[in-house]
Structures are given as C-alpha cells and as structure tokens.
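Take a look at the structure set out below.
FYI, side chains are in, hydrogens and waters are out, and symmetry mates aren't considered; it's all heavy atoms of this structure. Naming convention: chains lettered A, B, ... in sequence-line order (proteins, then strands); numbering from 1 in each chain. Keep in mind the model is a prediction, meaning the values are calculated, not measured.
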Number of protein chains: 2
Amino acid sequence: MTQTNSLSEAWVAEPMGRVAAPIREQVIAALRQAILDFQLKPGQRLVERELIEQLGVSRTTIREALRELASEGLVTVVPQRGAMVSAPSLDEAMDLYEIRAALESLVVKHFVERASDDEVRALAATVEELAQVSETTDDVRAILAAKDKFYGVLIPGARSAALQQLIDGIRARVQMLRATSLSNPGRPVEVVAELRAVAEAIARRDADSASELCAAHVRKAAMTALHALQETDADE
Amino acid sequence: MTQTNSLSEAWVAEPMGRVAAPIREQVIAALRQAILDFQLKPGQRLVERELIEQLGVSRTTIREALRELASEGLVTVVPQRGAMVSAPSLDEAMDLYEIRAALESLVVKHFVERASDDEVRALAATVEELAQVSETTDDVRAILAAKDKFYGVLIPGARSAALQQLIDGIRARVQMLRATSLSNPGRPVEVVAELRAVAEAIARRDADSASELCAAHVRKAAMTALHALQETDADE
DNA sequence: ACCGTATGATTGTCCGACAATCAGGCCTAT
DNA sequence: ATAGGCCTGATTGTCGGACAATCATACGGT
C-alpha cells in the first residue's frame, strides 16, 4: 500500500503516491492534519524546499496548498518571507470564539427550520454517543471525535454551504484551543449537559432557545479554554 | 517583474519608485475588480491561457490568483474543468445575507465597545456624507462608494482581523446584489435613515440596539435585493 | 439515427531557471 | 570597540516549457 495517507502515521518522510484525488488535496489534507495534531507547531516556518522533500511533490503543488491553508487561516504567509503555522494570540482566539458563537447560533436556527425529523433524531443520538464516550474514557481525542460527529450532523442539516465553509474554517483555527478546553477536568460532563439542552430545544423546534443555548455553550467553552491558556502562559 | 508585462500601462512607465506589491496581488485585484464590475459575467469561464494573454503574466501566477479568488468565493473551480465566475443562486444569496447580518451585528457590537469617540464621530460623518450623495445623485456607483466609506470606518473600528476578513469576503460575494438593491427607487432614502439610526445608537453606546438595527438593515436590504432579483428572473 | 472513437482543448503536475529580497556574518573606518 | 556598510547564502516570486490525464465535441461506421 504505497498510497496510505499519512494521517495516522508520522507525517514526515511519507511520499504520497498517485491516487485518484488531486495530489494538491492530499497535500492540503496532510498539512492540515499535521498542523492540527501539533506535529507542525505554531510559529514554525514552513520552508517550501523542505516540504518538497518530505512530501515528494513539486513546488507548484506545495505553493498552491500553502495558499489554500493560508486562506483557511491555518498558516500565515508574510510576503518575501514565506509561510508559518499560525499562532493565534489570546485576543484573536477570543475573537474567533465569538464569531463561532454567532455562526453556530445561525446554524442551529437553520437546523431547526430545515432539518428533517430523522436528522433531529440523529443529532440527539450523537449527543448520547458523546455522553457514553465521555463517561467511559478520559481520552480527549476520542471525546473530540465524538463531538465532531455532533457537528457532522448539525452543520450539514443547516443546508448552507457558505455557513458550512465559514464554520469549518473557524473550527479548524480553534481546534488547538478546543483540546485545551476539554482537558479541563469536569468540562466534558458540562459539555454533554449543554449539548443535550441544545438537542432538546431543537427537538422542540424552538429555534430561539436552541440558538441561544448553542451560543452559550460556545462562550463557555471559550472561557474555559482561554482561562487554561492564560494559566499556561503564566507558567512558562 | 523581471520582464515587460503589462498589467497596466501606468506602472510600466513608473521608472522605479514604487516597491510594488507582488504581481499576484495585482492580478487578484484586477480580476476581483473585473468580476465586481461585471466585466466578467457570472457563470463565465475563466480559461487560464486567455487570462495569461490578457494580463501578460505566467500561468503560475494566474493559477495562484484564481485559487485565492476561489477561497473568497468570487470564482468557483470544478476539478478538471477550471474556474468560472461564481453565480450565487437565490438561496445562496439569502444565506449570504443572513450570515452578513449576523457578522455585522457582531461588528457593531465590537465597535460600540472598542471604538474611540473620534471613530464614532467619523462614522456619523460618513452617514451624513452618504445622505448628501444620495440626495444629489442617482448614480448607484457613487452611493455604493459612499456606503463603503461607512463600512470603511465601521469594520476596522471593531478591531477584529478575523471578522474583517470574513465580512470582506461575504460583502464581495453579494456586491452584485447590493447594486441591484440600491437601484430600487426610494431605497437609498431608507438606507440613509437606517444607517443614521445605527450611528445614533452607536453614539449612545447602546450596543444591543445598534447591533439589532444593523441586522435589521441588512435583512431589509436582502429583502429588497432578492425581490428585485425575482422580478428580473421572471421577466427574462 | 445511434454509438464508440479520434481529436482537440484545458487542467494538473512536474521541472529548471533566474531575479528580488531578506537575514546574518564579516569587514572596514572612525 | 562600535557603528555602519558590504558580501553572501538562503528563500521566495515569477517565468517558461513540458507532458499525462481528463473532459467536450466532432467524426465516422454501422
């Protein structure tokens, strides 16, 4: 299997073979994953020639991939100096969380208005699945994956491509902070309760309550994450 | 820049004073302008080789520029088929307007919290300037320019780079609809009244009222634009 | 008239080249 | 010794050409 995607393995020294999907997409996916997994650390420079050697693709492809990631906000390019992994400041992180709250409120409102009963049930199911996971493990990664399933039902159910695109971008940019937030003991339990409340409001087709509960959830996650970050900064 | 390319005759004549933005940026700006001015019409295919000839730059540059514009939503690329000028459907346009309402609400809230008194006064001044313009001319282009000045004060005053980036993207994507909306007789007068109300609420530092008024303004603009568009579709 | 194929157009990707720019060390003059 | 300027290496920005893969369409045989 020459073209196993480097997702689960170390991202280094894994030349990618030619599979059906455009190579550029694979490069983008690999770099995105590496950034979100902290294999590429915030602030680290991304030198084109190094990426060429490690990924085994041409400079053209690398450059297009880097620009794509830049438009997603995951990397920052400074003219004449190249790209580096974005390192959002506290202020920027807070901004991102507020934007996320506003957009996810809108998503929830649209979900209430547009989603089928099946989708509503599926959403409730993901919450219960999340509850199961958060009771049986402390693995932040597993909990994050379960939460992503929730959003995997919620966001498409809102039937808005633009909204989906924007939220995906924002969520990627705060991914690191999400992990920090959920590492806080007791936080997963609260998360389950908050999401359950959102799902119930949705089941009642109560758009206003649901979107407000969702916004409150995001804001609370923000507080937790930022608080933890400030302590980290103070320690080091 | 090493060779004689002719993005515009003007800057070729410039001896050497300007350090010059990267050519890619000039290409992006030129294409963006052409799209927003309808020189490139929605749905029109953007063939790389034609752009090369018309702009006098290499394919590398063109491709990077197209991907940038794609990430802004102004062009749509379908794999193996190339890029075309985006042509948002009615549903998509409505989505964009709702997102814009949510984000601009947030901008106004932040403006109230963060902008200086000088900025508040400058904002009010742009509204009065807009009132002047809309009374003395029917030129939609001039009115749009005046409105852009309003946003030119409002958005930076919110002190959020992420928010600014997102709103710029959304606003570009509905630019065509904005023109349609303002062409509606009587609409400019209403716009002035609505923005005046927003500015006054901001002057009172009443964040909740201001953001709600702003959202209402965007929603009303959406109604006007979409209504006009539906008629257009019905006529033709 | 139907269907498969030849053909052309266009994109995706690679390669190599060179100027422009930036960072840092080195050298000189005061 | 220090300030300032120069040289050099590393890296990006842009160019041109090349080729396979893929899509669109016209063509030809049946």
Side-chain angles (χ1 to χ4, degrees), chain A residues 2-3 5-6 13-32 40 43-71 74-86, chain B residues 1-8 11-12 14-32 40-41 43-71 74-86:
Chain A
T2 43
Q3 86 284 15
N5 50 15
S6 47
E14 180 86 25
M16 38 189 57
R18 323 228 144 139
V19 286
I23 294 183
R24 173 171 25 90
E25 300 297 337
Q26 298 180 49
V27 172
I28 292 172
L31 289 177
R32 185 189 291 123
L40 296 174
Q44 176 173 345
R45 284 192 64 183
L46 299 174
V47 182
E48 294 175 0
R49 201 173 53 79
E50 296 175 0
L51 297 177
I52 290 171
E53 292 169 2
Q54 288 169 338
L55 294 174
V57 298
S58 76
R59 195 145 87 100
T60 308
T61 306
I62 290 288
R63 284 177 62 85
E64 289 192 3
L66 284 179
R67 302 218 168 276
E68 172 76 29
L69 291 171
S71 81
L74 288 183
V75 312
T76 306
V77 315
V78 282
Q80 231 67 38
R81 293 258 260 143
M84 61 177 55
V85 180
S86 293
Chain B
M1 200 154 143
T2 41
Q3 328 204 341
T4 54
N5 51 34
S6 53
L7 259 184
S8 98
W11 80 269
V12 178
E14 300 286 328
M16 74 142 222
R18 289 293 162 214
V19 187
I23 291 183
R24 173 172 22 91
E25 300 297 337
Q26 298 181 42
V27 172
I28 292 172
L31 288 177
R32 186 189 289 124
L40 296 174
K41 295 167 190 168
Q44 177 173 344
R45 284 193 63 183
L46 299 173
V47 183
E48 294 175 359
R49 199 168 48 80
E50 296 175 0
L51 297 177
I52 291 172
E53 291 168 3
Q54 289 171 343
L55 295 174
V57 298
S58 76
R59 196 146 87 102
T60 308
T61 307
I62 291 287
R63 283 178 63 85
E64 289 192 2
L66 285 180
R67 301 217 168 275
E68 173 75 30
L69 292 171
S71 81
L74 288 182
V75 312
T76 305
V77 314
V78 283
Q80 233 68 36
R81 289 274 229 112
M84 61 177 59
V85 180
S86 293

Just the atom pairs and distances: protein N or O near nucleotides 4-9 of chain C's N or O, under 3.5 Å.
none

Please report, rounded to the nearest Å, how far the [atom2] atom of [N] is from the [atom1] atom of [X].
| X | N | atom1 | atom2 | value |
| --- | --- | --- | --- | --- |
| A:Leu46 | D:dT11 | CG | P | 13 Å |
| A:Glu68 | C:dT13 | CD | P | 13 Å |
| A:Ile52 | D:dG13 | CD1 | C1' | 13 Å |
| B:Ile62 | D:dT14 | CD1 | P | 11 Å |
| B:Glu64 | D:dG16 | CD | P | 15 Å |
| B:Glu53 | D:dG16 | CD | C1' | 15 Å |
| B:Ile23 | D:dG16 | CD1 | C1' | 14 Å |
| A:Ile28 | C:dT13 | CD1 | P | 9 Å |

Across the strands shown, which category fits [X] at heavy-atom distances under 4.0 angstrom: base, sugar-phosphate, nothing?
| X | value |
| --- | --- |
| B:Leu66 | nothing |
| B:Arg63 | base |
| A:Thr61 | sugar-phosphate |

No-H, no-angle donor-acceptor pair, B:Arg59 side chain to D:dG17 base, under 3.5 Å: no
Quick check: any donor-acceptor pair below 3.5 Å linking the side-chain of B:Arg24 to the base of D:dT12? no
Below 4.0 Å: OP1/OP2 of D:dG13 and any side-chain N or O of A:Arg67: yes
Which residues share a side chain to side chain contact (heavy atoms under 4.5 Å, CB included) with [X], sequence neighbours left out:
| X | answer |
| --- | --- |
| A:Ala70 | A:Val75, A:Val77 |
| B:Arg81 | B:Val78 |
| A:Ser86 | A:Thr76 |
| B:Glu25 | B:Ala21, B:Pro22, B:Ile28 |

Using heavy atoms and a sub-4.0 Å distance, could you list which residues of residues 78-86 of chain B are near DNA chain D? By number, please. B:Gln80, B:Arg81
From the candidates C:dT10, D:dG16, D:dT12, the one with an atom nearest any side-chain atom of A:Glu48 is D:dT12
So which nucleotide from C:dC14, D:dT14, C:dT11 ends up closest to the side chain of A:Val57? C:dC14
Roughly how far, to the nearest 0.5 Å, is the [atom2] atom of [Y] from the [atom1] atom of [X]?
| X | Y | atom1 | atom2 | value |
| --- | --- | --- | --- | --- |
| A:Leu66 | A:Leu74 | CG | CG | 11.5 Å |
| B:Leu40 | B:Leu51 | CG | CG | 7.5 Å |
| A:Leu55 | A:Leu31 | CG | CG | 5.5 Å |

Checking B:Val85 against B:Lys41 for the side chain to side chain contact (heavy atoms under 4.5 Å, CB included) test, could you report, in this order, the C-alpha distance in whole Å, the side-chain angles of both residues, the deciding distance, and whether it holds? CA-CA 7 Å; B:Val85 180; B:Lys41 295 167 190 168; over 6 Å; no
With sequence neighbours excluded, tell me which residues meet side-chain hydrogen bond (donor to acceptor under 3.5 Å, both in side chains) with B:Arg45. none
With B:Arg63, which residues qualify under salt bridge (Lys or Arg N to Asp or Glu O under 4.0 Å), at least two apart? A:Glu64, B:Glu48
